[in-house]
Amino acid sequence: MSAVELLRAELTRAARGLGATDPIETVLDRPRDPAFGDWTTNLAMVLAKPLGMKPRDLARALIAQGDWTRAGVRIAEVAGPGFINFRLETAAVAGRIPEILQAGAAYGRSETGKRTAVVVEFVSANPTGPLHVGHGRQAALGDAVAALLEWTGWAVSREFYYNDAGVQIEKLAASVHARIVEDAGGGLQIPDGGYHGEYIGEIAEQYTAGHPGDRHGRDTDRVREFAVAALRAEQDQDLKAFGVRFDTYYLESSLYTDGLVDETVQALRDGGDTYENDGALWLRTTAFGDDKDRVMRKSDGTFTYFVPDIAYHVTKWRRGFRRAINVQGSDHHSTVTRVRAGLQALRIGIPEGYPEYVLHQLVTVVRGGEDVKLSKRAGSYVTVRDLIDDVGRDAVRYFFLMRRADSQLSFDVDLARTQSEENPVYYVQMAHARMSGIFRVGGIDAAGITGEGVAIDLLSEADELELINALADFPAAVQAAADALEPHRMTTYLHDTAELAHRWYHRHHVLGEAPALTAARLTLARAAQIVLGNGLTLLGISAPERM
RNA sequence: GCGCCAGUAGCUCAGUUGGAUAGAGCAACAGCCUUCUAAGCUGUAGGUCGGGGGUUCGAUUCCCUCCUGGCGCGCCA
């Protein structure tokens, strides 16, 4: 048992001794101020009412009741309105280091997900243009959520769903066709709602060059397929540049060709929540919490996008994914209730909260203090490629992950690039590089540091114990971020931990101290290097050994 | 009008699921390089946690209400 578990067990035992009845929920937190100790509990305040005692009196009684030395406690004291603060023996704090060294690159991983299959769907951009900054935020978020779930023991599949058959694709094809006609000497007629970016002209040129026999783009199927392939290839390049890989690309068109759309419609009818009205087929989604019923099949006989959406999520369930997480822009939030309602109407045992959603707010790009709204190639929006080329992949990832998904994000290009000295991503990377530098300069193999035979209780300075506590909290930080599906908790954790590492590095020397002290501090430097490196790697950000 | 999300330092944003004196980065001011990277460290200043009620030992956090901003509200996707 770790020191915390021993402490919790002893607290619970003490509470029982004073007459508290089960269940006793004993919560141990890190105090706000490290000067208060290593751990704190509000147990006395929680139990004050049921036990009919004043919180501070109860806290004193709890302290008197427990055997604290067994849990490695040096000082237990009452503070504030009734907190009990615990200061552990130095050896109990420093004793956490060997497990970090031993786990190495796996430190922070757990098996709480029990290898259960979960699909994380993100980006899912239609192949009608280059990826924009919103897709970039989604790529960073989705990839990080997937990684968090992997780290906590889920069997994760990253999935990209794309619409290769709808109205938007026809508009893309018509837009490219218009450019081909223009290149061949005809007038330019881009259709209503068509695409105007420069990339359309580039694709038209490539098509003409590759298809000399069809200078006027009369083979519309071929033009469409060419355009879709070209844009998919470009999106793939962008994602590759961003370091994101998908396990599956799911084509919307396959839902039709495989008969899943028809099957879903039939299943919904069998479920009994459909009705015909005004020549259309409706689903009574209001029976499942929606604010209005939804049309499934329009009076012209075609389906609304909502039907393949349901069919698609049925495939996720059928493919064995007991959790499905969708990362989407909050402009799609109205589909949440709708999709869930559709799945419930099927009555096939899909849980009510399926799928889960991580919705993110829009991204604005700021450069020189002003909003940037256009890119050269795409015309109407800023592309993720623009950002990567500008500030680098690590900074783009970090900046997209720094904030909660549901807060609007202002991406300051100047901060991410020009003022690289004050850049938060470099701050964390630098802390890692400094730890690495100690081993490089000392000519020491970092991976060979095991802590065996080292007097780690020589690590007794207040700021090194504080750093050790932070490092020991890494697995809990990963777990909390994964449970909440909130990657920004990791950037916050990493920044805080990097600060402690920088401070420790600045105040204390590792190399050249008395041999026993140097050996002890090397274990801490190695532990910090492992945690910072693992955290950055988890988020898809490089952890350089030198900068 | 209805629904969802947000409102915290001059700016951009955290706040450990209800805890102690509300934090970070940037911007401002003052210090620190003979020693493992100064891409760093130390200090100062900066706040009606949008307003008002409520719940309780205790609220930035939960509930109600109002104000402001973003996004939705189609037989579009």
Side-chain angles (χ1 to χ4, degrees), chain A residues 27 29-33 36 40-42 45-46 48-49 54-55 79-83 85 126 163 166-168 193 252 277-282 291-292 294-306 308-309 329-337 359-362 364 366 369 399 402-412 414-415 419-427 429-431 433-442 444 473 476-477 480-481 483-484 488-489 491-493 495-496 498-499 501-513 518 521-522 525 546-547:
Chain A
V27 177
D29 287 312
R30 296 292 189 187
R32 175 181 300 279
D33 187 336
F36 294 150
T40 186
T41 184
N42 62 356
M45 290 183 282
V46 174
K49 184 173 274 187
K54 291 180 182 174
F83 292 102
N85 293 335
N126 287 341
N163 175 332
V167 177
Q168 298 306 317
E252 185 189 8
N277 189 27
D278 293 337
L281 180 66
W282 296 68
D291 56 354
K292 60 181 76 169
R294 304 292 169 178
V295 169
M296 296 166 57
R297 196 188 59 224
K298 295 179 269 184
S299 50
D300 68 3
T302 62
F303 295 111
T304 58
Y305 72 99
F306 156 61
D309 233 19
S330 62
D331 53 335
H332 287 86
H333 78 255
S334 64
T335 66
V336 174
T337 317
L359 298 179
H360 67 86
Q361 296 280 340
L362 301 182
T364 54
V366 178
F399 273 61
M402 252 189 331
R403 311 303 187 197
R404 281 165 51 207
D406 53 13
S407 76
Q408 292 171 45
L409 177 72
S410 170
F411 195 111
D412 187 336
D414 300 313
L415 178 63
Q419 304 179 359
S420 62
E421 310 162 25
E422 295 86 15
N423 191 330
V425 64
Y426 289 120
Y427 185 82
Q429 289 179 316
M430 187 61 198
R434 281 185 146 172
M435 298 301 122
S436 306
I438 293 170
F439 296 102
R440 185 177 59 248
V441 171
I444 298 161
D473 287 343
D483 289 346
H488 80 276
R489 295 187 186 217
T491 55
T492 303
Y493 168 86
H495 190 276
D496 291 347
E499 183 174 12
H502 280 304
R503 185 180 302 157
W504 174 72
Y505 178 91
H506 184 261
R507 290 183 180 172
H508 307 292
H509 231 252
V510 176
L511 303 174
E513 298 289 334
T518 288
R521 288 192 173 153
L522 280 171
R546 64 194 307 169
M547 297 176 71

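Computed from a predicted model, the values in this text were never measured in an experiment. Below, read A as the first sequence line, B as the second, and so on, with proteins coming before strands; counting in each chain starts at 1.
- In this structure, A/Lys298 reaches the B/C76 phosphate: one of its side-chain N or O atoms is under 4.0 Å from OP1 or OP2.
- Residue-to-nucleotide proximity on RNA chain B shows that, of A/Leu362 and A/Leu511, the 5′-proximal contact is made by A/Leu511.
- Residue A/Arg297 is classed as having no contact, given no heavy-atom separation below 4.0 Å to the nucleic acid.
- Closest approach to the A/Val510 side chain among B/C36, B/G19, B/A24 is made by B/C36 (side chain taken as heavy atoms from C-beta onward).
- Of all nucleotides listed (B/A14, B/G19, B/U37), B/G19 comes nearest to the side chain of A/Val46.
- Look at B/C29: its Watson-Crick or wobble partner, with both distances under 3.5 angstrom, is B/G43.
- Of the candidates B/A22, B/C75, B/G25, the closest approach to any side-chain atom of A/Ala280 belongs to B/C75.
- Nucleotide B/C62 has B/G54 as its partner under the Watson-Crick or G-U criteria, with both atom distances under 3.5 Å.
- Looking only at atom types and distance, the side chain of A/Thr40 has a donor-acceptor partner in the side chain of A/Asn85 under 3.5 Å away.
- Not a single donor-acceptor contact under 3.5 angstrom links the side-chain atoms of A/Thr304 to the base of B/A77.
- Side-chain to base pairing of A/Asp331 with B/G72: no donor and acceptor N or O lie closer than 3.5 Å to each other.
- Stacking between A/Tyr505 and B/G40 is absent: the aromatic ring centre is not both under 5.5 angstrom from the base six-membered ring centre and within 30 degrees in plane angle.
- Ring geometry for A/Phe411 against A/Phe399 counts as tilted: the plane angle lies between 30° and 60°, on a 0 to 90° scale.
- Checking B/C4 for Watson-Crick or G-U wobble geometry (two distances, each under 3.5 Å) identifies B/G70 as its partner.
- OP1 or OP2 of B/A20 lies within a sub-4.0 Å distance of a side-chain N or O belonging to A/Arg32.
- Minimum atom distance to the side chain of A/Val441 is reached by B/C36, of the listed B/U17, B/G74, B/C36.
- At the heavy-atom level, A/His508 lies under 4.0 Å from base atoms of the strands shown.
- Note on A/His488: only backbone sugar-phosphate atoms sit closer than 4.0 angstrom, heavy atoms only; bases stay farther off.
- Look at A/His333 and the base of B/C71; the rings do not stack under the cut-offs of 5.5 Å between centres and 30° between planes.
- The stacking criteria are not both satisfied for A/Tyr427 over the base of B/A39, which would need a centre-to-centre distance under 5.5 angstrom and an angle between ring planes under 30 degrees.
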